[in-house]
Amino acid sequence: MKAAITEQPTRLLAGFDFFGDPFRSHGGWSADNEIGRLWQRWGEYWYSGGMAELPIKDPTACYEFHIYHPETLQTGEFEVFIGVEVTQLADLPLAVVGKTLPGGRYAVFTLAGEEITSDWIWELDHAWLPKLGVQRLTTFSVQRYDERFKSVENLSESELEVYIPLLP
């Protein structure tokens with residue numbers, strides 16, 4: 001796992017979201033759990049012409065947020081958002097949700113191969129962030145997928161980035 005501390009700009013994103021326990025029916029990296037189904041819905045929208053409806057800034061990268069709430073530890077429920085960076089949030093199609101990813105200081109971790117399916121969020125919170133001498137700002141994380149991520153079926157050949165917002 002590679003780690004760095006970086007300043008990130010504010011990003012505008014457009015995509016789909018889900019709130020609940022995404023692992024209720026299937027755990028892990030499965031196309032059958034709610035996160036997998038959300039990606040399937042996004043892919044269907046994207047390839048049926050939806051991308052032409054969005055003011056896309058960078059078509060080579062997709063983002064996945066996990067936004068935890070006070071009840072997440074008790075219920076297992078949290079928000080999952082997936083989408084792309086756009087130039088504006090005005091006039092998005094009705095089916096699409098807009099999000100603003102705050103700019104600021106982030107710890108950025110590059111996960112490769114088996115690290116992707118590990119309990120990396122626990123490892124980041126309990127080992128890497130203390131080792132780097134930093135603390136989380138809020139209870140969300142962002143995964144960035146680009147051309148280095150091959151597919152769920154090819155995780156051993158894939159890489160992705162995880163962004164954790166930090167206290168100043």
Side-chain angles (χ1 to χ4, degrees), residues 3-24 28-31 33-111 116 120-121 124-125 129 134-149 151-152 158-168:
I5 306 295
T6 67
E7 287 291 324
Q8 293 293 311
T10 298
R11 296 180 195 277
L12 305 177
L13 297 133
F16 290 174
D17 66 355
F18 165 84
F19 183 86
D21 179 352
F23 306 113
R24 187 165 293 161
W29 285 76
S30 170
N33 66 29
E34 295 304 328
I35 296 173
R37 293 178 62 206
L38 191 60
W39 277 104
Q40 288 170 5
R41 281 185 33 229
W42 178 247
E44 289 168 10
Y45 176 81
W46 184 262
Y47 292 113
S48 69
M51 71 179 195
E53 299 178 344
L54 301 175
I56 298 169
K57 184 172 183 176
D58 179 3
T60 66
C62 286
Y63 295 82
E64 178 179 324
F65 290 26
H66 293 187
I67 305 166
Y68 306 105
H69 298 274
E71 67 278 3
T72 297
L73 287 176
Q74 291 78 32
T75 65
E77 296 178 336
F78 57 95
E79 184 176 357
V80 179
F81 168 88
I82 59 168
V84 293
E85 188 172 4
V86 294
T87 58
Q88 65 177 5
L89 295 178
D91 302 319
L92 292 176
L94 185 59
V96 176
V97 174
K99 293 276 188 190
T100 301
L101 178 60
R105 198 165 73 119
Y106 283 77
V108 181
F109 300 91
T110 302
L111 307 178
I116 295 170
W120 54 262
I121 195 70
L124 296 183
D125 283 341
L129 293 177
V134 295
Q135 291 182 325
R136 244 183 209 277
L137 175 63
T138 61
T139 55
F140 74 89
S141 63
V142 179
Q143 298 166 49
R144 182 180 184 276
Y145 299 86
D146 57 24
E147 67 279 349
R148 295 171 296 165
F149 188 80
S151 71
V152 172
S158 295
E159 288 187 8
L160 67 87
E161 293 175 337
V162 176
Y163 292 73
I164 305 290
L166 302 175
L167 285 171

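Values below: every heavy atom of this structure, side chains too, minus hydrogens, waters and symmetry copies.
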**Report entry** Residues Lys57, Val86; criterion side-chain contact (heavy atoms from CB on, under 4.5 Å); working and verdict
**Finding:** CA-CA 5 Å; Lys57 184 172 183 176; Val86 294; 5.8 Å; no

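One distance of note links CG of Leu12 with CG of Leu89; it measures 4.5 Å at 0.5 Å rounding. Atoms OH and CG, on Tyr163 and Leu124 in that order, are 13.5 Å from each other to the nearest 0.5 Å.
The minimum heavy-atom distance between Ala61 and Arg144, with the atom names listed, is CB-NH2, 3.4 Å. What you find for Leu54 and Ala14 is that their closest heavy atoms are CD2-CB, 4.3 Å. Taking every heavy atom of both residues into account, Trp42 and Cys62 meet most closely at NE1-SG, 4.1 Å. The heavy-atom pair separating Arg136 from Leu129 by the smallest distance is CG-CD1, 4.3 Å. Closest approach of Pro70 and Gln74 over heavy atoms only: O-OE1, 3.3 Å. Nearest heavy atoms, Ser141 versus Ile164: CB-CD1, 3.6 Å.
Taking the charged nitrogens against the carboxylate oxygens, Arg41 and Asp17 have no contact shorter than 4.0 Å, which rules out a salt bridge. Between Lys99 and Glu79 there is a salt bridge, with a side-chain nitrogen of the basic residue lying less than 4.0 Å from a carboxylate oxygen of the acidic one. Between Glu161 and Arg148, at least one side-chain nitrogen of the basic residue sits less than 4.0 Å from a carboxylate oxygen of the acidic one, meeting the salt-bridge criterion. Taking 4.0 Å as the cut-off between side-chain N and carboxylate O, Arg11 and Glu85 count as a salt-bridged pair.
Residues Leu13 and Val84 are not in side-chain contact: their nearest non-hydrogen atoms beyond the backbone lie 4.5 Å or more apart. For the pair Phe19/His69, a side-chain contact is recorded, criterion being any heavy-atom separation below 4.5 Å from C-beta on. At a threshold of 4.5 Å between non-hydrogen side-chain atoms, the residues Phe18 and Ile35 do not count as touching. Under the 4.5 Å side-chain criterion, counting only non-hydrogen atoms from C-beta, Val162 is in contact with Leu111. Side-chain contact between Phe81 and Leu101 is absent, with no heavy-atom pair separated by less than 4.5 Å. Counting only heavy atoms from C-beta outward, the side chains of Val96 and Phe16 approach each other to under 4.5 Å. At least one side-chain heavy atom of Ile82 sits under 4.5 Å from a side-chain heavy atom of Trp39. Between Thr139 and Ile67 there is no side-chain heavy-atom pair separated by less than 4.5 Å.
Looking at Ser158, its side chain never comes within 3.5 Å of a backbone N or O of Phe149 through a donor-acceptor pair. Between the side chain of Arg105 and the backbone N or O of Leu167, at least one donor-acceptor pair lies under 3.5 Å. Proximity of a side-chain donor or acceptor of Thr72 to a complementary backbone N or O of Glu77 within less than 3.5 Å is detected.
Side-chain atoms of Gln8 and Thr6 form a donor-acceptor pair, as typed in the model, at a separation below 3.5 Å. Side-chain polar atoms of Tyr145 and Glu64 form a donor-acceptor pair below 3.5 angstrom. Checking Tyr45 against Glu53 by side-chain atom types alone, a donor-acceptor pair falls below 3.5 Å.
Under the 30°/60° scheme for interplanar angles, the aromatic rings of Tyr68 and His66 are found to stand perpendicular.
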